Amino acid sequence: MRIDSALFCNVIRILSLLLTFLLFGCQSASHDVRQIGREALTEAYIQLDSSNKTEAMRLFKEAEHYGLLADDTLTVAHARYNIALNLGYHADKEQTVSLLKAAVKGFGDDYVYCAKALMTLGDFYQFHRKIDSAEIYMNQALTYATLSNSSEEKGNVLSAFYSMYFNAGEYEKAAYYLRQTMQAYSSDTNDNLLMYYYHGMGNIFYENEELDSAFYYYRKLEELVTQSEYQEDKWFYYTALANFAKKCGDYETAYKYMFQYEKGSIHNDRIRRENNLELVNQKYNDMMIQNKLSEKIIHKQRIIIFISAIASLFLAALSISLIRLSRQRKREAEINAQLFHFKQQNNTLTYINTRHEQIRQDYADRLSDALTKEQRVMLLLDIYLKNNKKANLLNELETFVYDGKDHWNAMLTIVEQMYPDMLTTLQQKHPDLDEDERKSYILSFFKLSRQEEADYLGTTVNMVDKLRGKRRKKMEKD
């Protein structure tokens with residue numbers, strides 16, 4: 001036993017060292033998994049900038065997967081938010097709402113992104129024409145935007161309110177929130193913001209058929225748009241100007257503005273493609289270097305974890321075997337000492353139990369036989385009484401046997417003694433049986449002939465057969 005104890009202590013020391021090494025390896029692996037998740041998120045943004053939505057969606061889901069493995073809630077939140085954005089307004093409603101709510105929870109104290117996720121949720125409900133739900137989430141987004149102290153994010157939410165009410169045809173509310181948007185950006189007002197404001201107000205009055213007011217704001221917009229030669233950020237405003245000019249019958253101006261819109265659109269697409277290509281090339285090179293390094297780290301960690309796991313399993317199995325051997329030797333002496341005593345007790349208890357069971361069964365059989373005989377006597381007497389009511393002797397016998405009680409209730413008392421709870425169970429399982437059918441079922445427990453049962457029920461043998469068949473069908477149905 002001393003050798004076993006010393007060996008056991010040495011095994012425990014080695015196992016502790018290996019477990020420490022394994023824990024260190026797992027922590028390193030967890031850090032690597034977190035890094036992989038973040039890199040997948042970054043690469044997904046690159047693919048999204050390149051308009052490769054399918055690959056971006058795959059990478060966002062991969063970032064979510066690794067983020068969950070590493071318990072990186074922020075990466076998971078960003079991944080789910082972008083998955084919901086890429087699914088679009090026609091996606092499964094339950095899935096989109098679930099993703100956005102989970103993203104809000106994951107962003108935690110990042111109020112800016114909480115506001116973005118809630119604003120997206122409001123836009124989703126707005127698209128599906130559920131304005132009440134949209135207003136609820138938009139108001140929550142405004143609360144988070146206010147907490148973030150970001151005038152830009154607050155302005156974005158107010159602008160979303162403006163768009164929602166404009167699309168819903170509530171132009172007064174749309175104008176109110178557009179003015180609130182300008183106030184939010186009051187410390188950073190510029191030409192782009194003014195153009196956005198004039199364009200929005202012009203659209204509101206145009207849709208509300210207040211053409212004089214619409215003309216005023218479109219003229220303000222026109223003045224700002226035409227100030228610079230190149231319209232990188234302003235070209236899309238020409239559409240509203242062209243539509244209004246066409247509404248006023250000035251087709252020449254409308255054609256001119258549509259030409260400017262097409263020109264600006266082509267120029268913007270070309271600049272965007274050039275910028276995206278340069279950005280993708282730069283980020284792709286960085287990602288390639290980082291991916292190669294990550295692959296080496298992951299491969300190394302996998303080898304360490306694999307070897308550590310095998311060694312740990314082996315030593316754990318050895319330790320368990322030693323513990324079991326020690327306990328087994330300790331118990332052998334106790335078991336051998338008590339085995340003969342237990343056998344003697346077992347034989348004695350077996351004999352006593354057998355004797356008690358035999359006595360109980362004999363008593364139950366005698367009681368059952370006595371009750372059955374008493375019940376049969378009562379049934380036969382009842383049958384006989386029905387055919388011989390005028391005999392005084394039988395009347396005295398009836399009083400002696402039934403003690404003035406109802407015959408059927410007196411017999412049910414005997415039945416309850418023989419079959420406890422049988423009547424209650426019959427009523428619960430088969431409540432649709434009528435009185436004659438219940439009597440027929442109870443009489444089936446006694447050795448009565450068909451004629452005796454017919455005499456007791458006051459009917460014919462043929463009717464007894466029909467009654468039994470009807471009863472069986474109801475009970476089988478139940």
Side-chain angles (χ1 to χ4, degrees), residues 16-50 52-87 91 95-121 144 147-148 150 153 276 279-313:
S16 300
L17 291 174
L18 280 173
L19 289 175
T20 304
F21 178 72
L22 179 60
L23 180 61
F24 176 77
C26 289
Q27 290 175 345
S28 300
S30 177
H31 177 270
D32 291 336
V33 170
R34 183 181 294 106
Q35 186 64 26
I36 292 171
R38 294 178 179 177
E39 289 171 359
L41 191 63
T42 303
E43 190 173 353
Y45 285 125
I46 295 173
Q47 295 297 329
L48 200 59
D49 291 338
S50 305
N52 191 350
K53 184 177 177 180
T54 303
E55 182 63 15
M57 181 66 85
R58 185 189 68 80
L59 288 166
F60 280 129
K61 291 181 178 179
E62 187 174 308
E64 179 190 21
H65 171 70
Y66 285 109
L68 289 171
L69 289 178
D71 198 22
D72 188 352
T73 56
L74 201 57
T75 297
V76 174
H78 279 286
R80 287 174 173 172
Y81 170 63
N82 283 279
I83 290 171
L85 286 178
N86 282 277
L87 286 174
Q95 180 185 12
T96 303
V97 171
S98 175
L99 284 169
L100 290 172
K101 287 183 177 179
V104 172
K105 185 177 180 181
F107 286 135
D109 294 335
D110 192 341
Y111 298 137
V112 171
Y113 270 100
C114 286
K116 289 181 185 292
L118 287 166
M119 185 172 63
T120 304
L121 191 55
Y144 278 107
L147 289 172
S148 70
S150 170
E153 195 57 38
N276 284 345
L279 180 64
V280 169
N281 287 333
Q282 181 181 355
K283 290 185 175 180
Y284 178 76
N285 292 332
D286 294 340
M287 288 295 296
M288 286 296 293
I289 296 172
Q290 186 63 38
N291 286 340
K292 289 181 180 179
L293 180 61
S294 298
E295 287 176 1
K296 291 181 180 179
I297 293 173
I298 292 171
H299 181 68
K300 180 179 178 181
Q301 293 297 329
R302 285 176 178 172
I303 293 175
I304 293 173
I305 292 172
F306 180 73
I307 294 174
S308 300
I310 292 176
S312 299
L313 290 173

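Here the structure is a predicted model, which is why all the values come from computation and not from measurement. Sequential numbering from 1 along the given sequence is applied to the chain's residues.
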Item to check | Atom of C114, atom of G108 and distance for their closest heavy-atom approach | outcome: SG-O, 3.5 Å
Checklist outcome for this item: By side-chain contact (heavy atoms from CB on, under 4.5 Å), K105 pairs with (sequence neighbours left out) none
Next on the checklist: Nearest 0.5 Å, please: how far is CZ in F60 from CD in E55?
Outcome noted: 11.0 Å
Checklist outcome for this item: Here the gap from L99 atom CG to L87 atom CG, rounded to the nearest 0.5 Å, amounts to 6.5 Å
Checklist entry - With a 4.0 Å cut-off, would you call K61 and E64 a salt bridge? => result no
Checklist entry - Where do Y45 and N82 land on the side chain to side chain contact (heavy atoms under 4.5 Å, CB included) test, with the steps shown first? => result CA-CA 9 Å; Y45 285 125; N82 283 279; 2.9 Å; yes
Item to check | Distance in Å, R34 CZ paired with L74 CG, rounded so as to fall on 0.5 Å steps | outcome: 11.5 Å
Next on the checklist: For a 4.5 angstrom cut-off between non-hydrogen side-chain atoms, does I46 reach D49?
Outcome noted: no
Checklist outcome for this item: CG (L68) and CZ (R80) are apart, to the nearest 0.5 Å, by 5.5 Å
Checklist entry - Roughly how far, to the nearest 0.5 Å, is CD1 of I36 from CG of D72? => result 12.5 Å
Checklist entry - Does the side chain of N86 come within less than 4.5 Å of L48's, by heavy atoms? => result yes
Checklist entry - Taking the six-membered ring for Trp, are Y111 and Y144 parallel (under 30°), tilted (30 to 60°) or perpendicular (over 60°)? => result tilted
Checklist entry - Nearest heavy-atom pair of A40 and L59: which atoms, and what distance? => result O-CB, 3.8 Å
Next on the checklist: Looking at every heavy atom in both S150 and V112, which two are closest together, and how far apart are they?
Outcome noted: CB-CG2, 4.4 Å
Checklist outcome for this item: Between A79 and A63 the two heavy atoms that sit nearest each other are CB-CB, 4.2 Å
Checklist entry - Using the benzene-type ring in the case of Trp, are the ring centres of F107 and H78 under 6.0 Å apart? => result yes
Checklist outcome for this item: In this structure, NZ of K101 is separated from CG of L121 (nearest 0.5 Å) by 7.0 Å
